[in-house]
Amino acid sequence: NAGVTQTPKFRVLKTGQSMTLLCAQDMNHEYMYWYRQDPGMGLRLIHYSVGEGTTAKGEVPDGYNVSRLKKQNFLLGLESAAPSQTSVYFCASGAGVSYEQYFGPGTRLTVT
Amino acid sequence: GQQLNQSPQSMFIQEGEDVSMNCTSSSIFNTWLWYKQDPGEGPVLLIALYKAGELTSNGRLTAQFGITRKDSFLNISASIPSDVGIYFCAGISGGYQKVTFGTGTKLQVIP
């Protein structure tokens with residue numbers, strides 16, 4: 001039982017490049033989330049999903065897209081990376097509304 | 001948007017001392033969560049609180065859901081070196097998209 005896993009752990013991109021971050025969970029959770037964490041700002045919600053095939057915008061969705069083709073996977077895409085997207089990205093999953101969320105280990109992304 | 005004010009921002013304590021930190025908001029929350037984050041890792045859930053006034057313990061950790069539903073407190077008793085890390089509170093106000101995180105309390109324990 002691995003919980004929530006994220007790949008890759010680290011990545012460096014040049015401005016304008018694209019990439020996809022993968023999140024996988026083995027807890028059969030319906031809800032999955034993508035957050036970014038910046039110094040002094042806590043965690044901010046980018047996008048979330050309440051089930052397979054559904055996605056919705058969070059607090060800071062601009063510049064990101066997501067897909068949830070399988071219940072256990074939640075992908076975060078950056079189509080044209082910008083330096084402002086340098087951050088640590090965390091995926092989380094949860095059983096439902098108002099329930100606790102479980103986090104992955106994070107992906108540290110640097111955009112130069 | 002909603003904001004959670006977490007205090008203190010950082011603290012240094014001697015091993016064996018008790019620690020208190022809190023989270024306050026101008027908004028009401030239905031659920032309070034406390035997480036700990038170690039360097040280079042994701043936040044790990046410590047305690048979840050679901051009812052106003054609720055007091056819940058997890059080993060040396062005790063957290064309370066404030067009566068007004070606008071605040072929560074976390075206490076750590078008899079601190080040890082492995083308590084070092086950043087502690088985050090999070091409030092949920094009625095939907096999966098309405099999770100608000102505090103900015104964290106950085107705890108350092110001096111052996």
K.L.:
Take B/Y35 and A/Q101, measure what side-chain contact (heavy atoms from CB on, under 4.5 Å) needs, and give me the verdict at the end.
P.N.:
CA-CA 10 Å; B/Y35 289 88; A/Q101 298 178 15; 3.6 Å; yes
K.L.:
Taking salt bridge (Lys or Arg N to Asp or Glu O under 4.0 Å) as the definition, give me every residue that meets it alongside A/R68, ordered by chain and number, with sequence neighbours left out.
P.N.:
none
K.L.:
Listing request: all salt bridge (charged side-chain N to carboxylate O under 4.0 Å, His left out) pairs with a residue in residues 28-39 of chain B, at least two apart in sequence or in separate chains.
P.N.:
B/K36-B/D38
K.L.:
Report the distance from atom OG1 of B/T103 to atom CG of A/L43, rounding to the nearest 0.5 Å.
P.N.:
10.5 Å
K.L.:
Between chain A and each of B/G104, B/P43, B/A90, count heavy-atom pairs under 4.5 Å; write down the option with the most.
P.N.:
B/P43
K.L.:
Using a 6.0 Å cut-off, check whether atom CD of B/Q108 has over 12 heavy atoms from anything other than its own residue.
P.N.:
yes
K.L.:
From B/Q37 CD over to A/F103 CZ, what is the distance, rounded to the nearest 0.5 angstrom?
P.N.:
8.5 Å
K.L.:
Do A/M32 and A/V4 share a hydrophobic cluster, counting only Ile, Leu, Val, Met, Phe, Trp and Tyr and linking them when any side-chain heavy atoms are less than 4.5 Å apart?
P.N.:
no
K.L.:
Not counting sequence neighbours, which residues clear salt bridge (Lys or Arg N to Asp or Glu O under 4.0 Å) with A/K71? List them please.
P.N.:
A/E30
K.L.:
Report yes or no: do B/V19 and B/L46 belong to one cluster of Ile/Leu/Val/Met/Phe/Trp/Tyr joined by side chain heavy-atom distances under 4.5 Å?
P.N.:
yes
K.L.:
Just to be sure I understand the criterion: a residue of residues 81-91 of chain A counts if one of its heavy atoms is under 4.5 Å from a heavy atom of chain B. Which ones qualify?
P.N.:
A/F90
K.L.:
Can you say whether B/Q6 sits under 4.5 Å from chain A via the side chain, the backbone, both, or neither, judging by heavy atoms?
P.N.:
neither
K.L.:
Mind checking whether B/L49 and B/F73 sit in one hydrophobic cluster, side chains of I, L, V, M, F, W, Y counted as touching below 4.5 Å?
P.N.:
no
K.L.:
Look at atom CZ of A/R44 and say whether more than 12 heavy atoms of other residues, nucleotides or ligands are closer to it than 6.0 Å.
P.N.:
yes
K.L.:
Heavy-atom count around A/E79 CD within 6.0 Å, excluding the residue itself: above 12?
P.N.:
no
K.L.:
Count I, L, V, M, F, W, Y as connected when their side-chain heavy atoms are under 4.5 Å apart, and connections chain through other members. Are B/F101 and A/W34 then in the same cluster?
P.N.:
no
K.L.:
Does some side-chain heavy atom of A/Y102 sit less than 4.5 Å from a side-chain heavy atom of B/L45?
P.N.:
yes
K.L.:
Would you mind checking which part of A/Q37 comes under 4.5 Å of any heavy atom in chain B, side chain (CB onward), backbone (N, CA, C, O), both or neither?
P.N.:
side chain
K.L.:
Shorter than 4.5 Å, heavy atoms on both sides: which option in A/P39, A/P105, A/G104, A/A92 has the most such pairs with chain B?
P.N.:
A/P105
